[in-house]
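Here the structure is laid out as structure tokens; the discussion comes afterwards.
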Amino acid sequence: LRPPGAQHLVDDVREMVIRASSLRPAEGERRAFVIEEAEALRDESQNALLKTLEEPAPFAHVILLCSEPELLLATIVSRCRAVEFVPLAPEAVLERLGEGGERAEAAARLCGGDVELARFLISADGQGLRAAAEAGVRAALGEAADRPWVELLEGAEAVGGEAGAAEERRLSEAAQSGGRRGRAGKLTREAIEQVKRTERRARTRALDLGLALCAAWYRDLGAIAAGAPALIFNGDRTEELAADAKGVDSAAAGQAVGLVLDTRRRLRLNVS
């Protein structure tokens, strides 16, 4: 169950988890329910889950996946057993990348243990996204051109468009033999909606990544301001960071990180 943002209702949790977890499995001995991004659940939905988490059926397992457990209600946390998954260390990412150099090392630090993301950050598109995020940060420092966020938005739109086009090609090829096309060889309404969903997800992921890179730059500015340059992630951009960090207070940089993270949370709720 993935919370669909602003459309998520407590009734969804009741129907898809609470009610279903009380029904014995048709096959096998166990039933497992996985709720992704559990921190995005509204308080009403979390409260509705309390009884199920406290007294689950003997054959049911409810798993909450969460990257920010502090956003969960304390009553939810107290009824769960915490299992932490540690991301790959930068050294392990570098080993899998099979590349060296400052750019690869920076990507390994920025990717959060995601090797595929590290590969993207090394690419020309990834470098372009990093540059757009850097320009966005300079806007807040009072050194930006007009509307610097436009590049981030346009980049996300381009990524979404490419993903949608690829999905449309895939569905078109499948439709040739599966009969999923309607009149005049057009995709069915269901296929068109699937293309739109794919495009929207890719666009949102790209924008979220751009915001994450903004947060990483603010974080590095705070590290330099606090006298801890060894902790920076953007190790291939030390001169640019040093220039941006002049006059920056470490506490203010920390506040900026918090604001960007809050924006990322709001983005999950389909804010326009």
Side-chain angles (χ1 to χ4, degrees), residues 65 67-68 84-141 143-144 148-149 151-156 158-159 162-163 202-265 267:
L65 301 182
S67 59
E68 298 179 85
E84 294 189 6
F85 294 89
V86 180
L88 286 176
E91 295 76 17
V93 174
L94 277 174
E95 182 179 348
R96 285 162 174 77
L97 285 176
E99 295 188 33
E102 290 184 345
R103 179 176 296 182
E105 290 176 3
R109 285 178 173 269
L110 289 166
C111 73
D114 187 335
V115 179
E116 290 306 314
L117 177 55
R119 289 196 177 98
F120 171 76
L121 292 173
I122 293 174
S123 70
D125 288 342
Q127 290 297 304
L129 187 61
R130 289 182 64 191
E134 191 178 322
V137 170
R138 293 207 174 97
L141 300 177
E143 304 172 6
W149 56 83
E151 189 174 352
L152 275 178
L153 295 175
E154 290 178 344
V159 169
E162 292 174 4
R203 183 174 64 242
T204 301
R205 283 196 299 267
L207 186 54
D208 181 69
L209 175 57
L211 290 171
L213 292 171
C214 288
W217 194 269
Y218 281 124
R219 175 200 174 280
D220 287 355
L221 293 181
I224 293 176
L231 299 180
I232 64 173
F233 283 176
N234 294 277
D236 58 337
R237 306 282 288 165
T238 53
E239 293 183 4
E240 293 81 357
L241 281 170
D244 286 353
K246 292 179 180 178
V248 171
D249 178 71
S250 59
Q255 274 189 323
V257 171
L259 288 170
V260 176
L261 294 179
D262 184 60
T263 302
R264 294 179 67 192
R265 296 188 192 105
L267 186 65

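From a predicted model like this one, the values you see are computed outputs, not experimental measurements.
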Which atoms form the tightest heavy-atom contact between [X] and [Y], and what is the distance?
X    : Y    : result
D236 : A106 : OD1-CB, 3.3 Å
A253 : V248 : CB-CG1, 4.2 Å
V159 : A202 : CG1-O, 3.9 Å

T238 and P229, any side-chain heavy atoms less than 4.5 Å apart =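 No, their side chains stay 4.5 Å or more apart.
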key: Min side-chain heavy-atom separation T263-L267 under 4.5 Å   =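 No, their side chains stay 4.5 Å or more apart.
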query = Who pairs with E91 by side-chain contact (heavy atoms from CB on, under 4.5 Å), at least two apart in sequence or on another chain?
reply =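 Partners of E91 by the side-chain contact (heavy atoms from CB on, under 4.5 Å) criterion, ordered by chain and then number, come out as A89.
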Identify each donor-acceptor pair in which a side-chain atom of residues 207-227 lies under 3.5 Å from a protein atom, sequence neighbours left out, and give them as a table.
residue	atom	partner	partner atom	Å
D208	OD1	R264	NE	2.8
D208	OD2	R264	NH2	2.9
W217	NE1	D244	OD2	3.1
R219	NH1	L231	O	2.9
R219	NH2	L231	O	3.0
D220	OD1	F233	N	2.9
D220	OD2	F233	N	3.1
D220	OD2	N234	N	2.8
D220	OD2	N234	ND2	2.7

inquiry  = Salt bridge check, E134 against R138: does any charged N sit closer than 4.0 Å to a carboxylate O?
reply    =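 Yes, R138 and E134 are salt-bridged.
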message = Any salt bridge linking D114 with R119? Criterion: basic side-chain nitrogen under 4.0 Å from a carboxylate oxygen.
response =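 Answer for the salt bridge query: no.
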message = How about CZ on R103, more than 12 heavy atoms from neighbouring residues, nucleotides or ligands closer than 6.0 Å, or not?
response =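 No, not enclosed.
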ask   = Is the number of heavy atoms from other residues, nucleotides or ligands within 6.0 Å of CD (E68) greater than 12?
value =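 Check passes, neighbour count above 12.
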request  = Take E102 and R237, measure what side chain to side chain contact (heavy atoms under 4.5 Å, CB included) needs, and give me the verdict at the end.
outcome  = CA-CA 9 Å; E102 290 184 345; R237 306 282 288 165; over 6 Å; no
Criterion side chain to side chain contact (heavy atoms under 4.5 Å, CB included) on I122 and E99, from CA distance to verdict = CA-CA 10 Å; I122 293 174; E99 295 188 33; 4.0 Å; yes
inquiry  = If I take atom SG from residue C111 and atom CG from residue L94, how far apart are they, to the nearest 0.5 angstrom?
reply    =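 Going from SG on C111 over to CG on L94, the span is 8.5 Å.
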query = Between R96 (side chain) and A92 (backbone), is there a donor-acceptor pair under 3.5 Å?
reply =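 Confirmed, R96 side chain pairs with A92 backbone.
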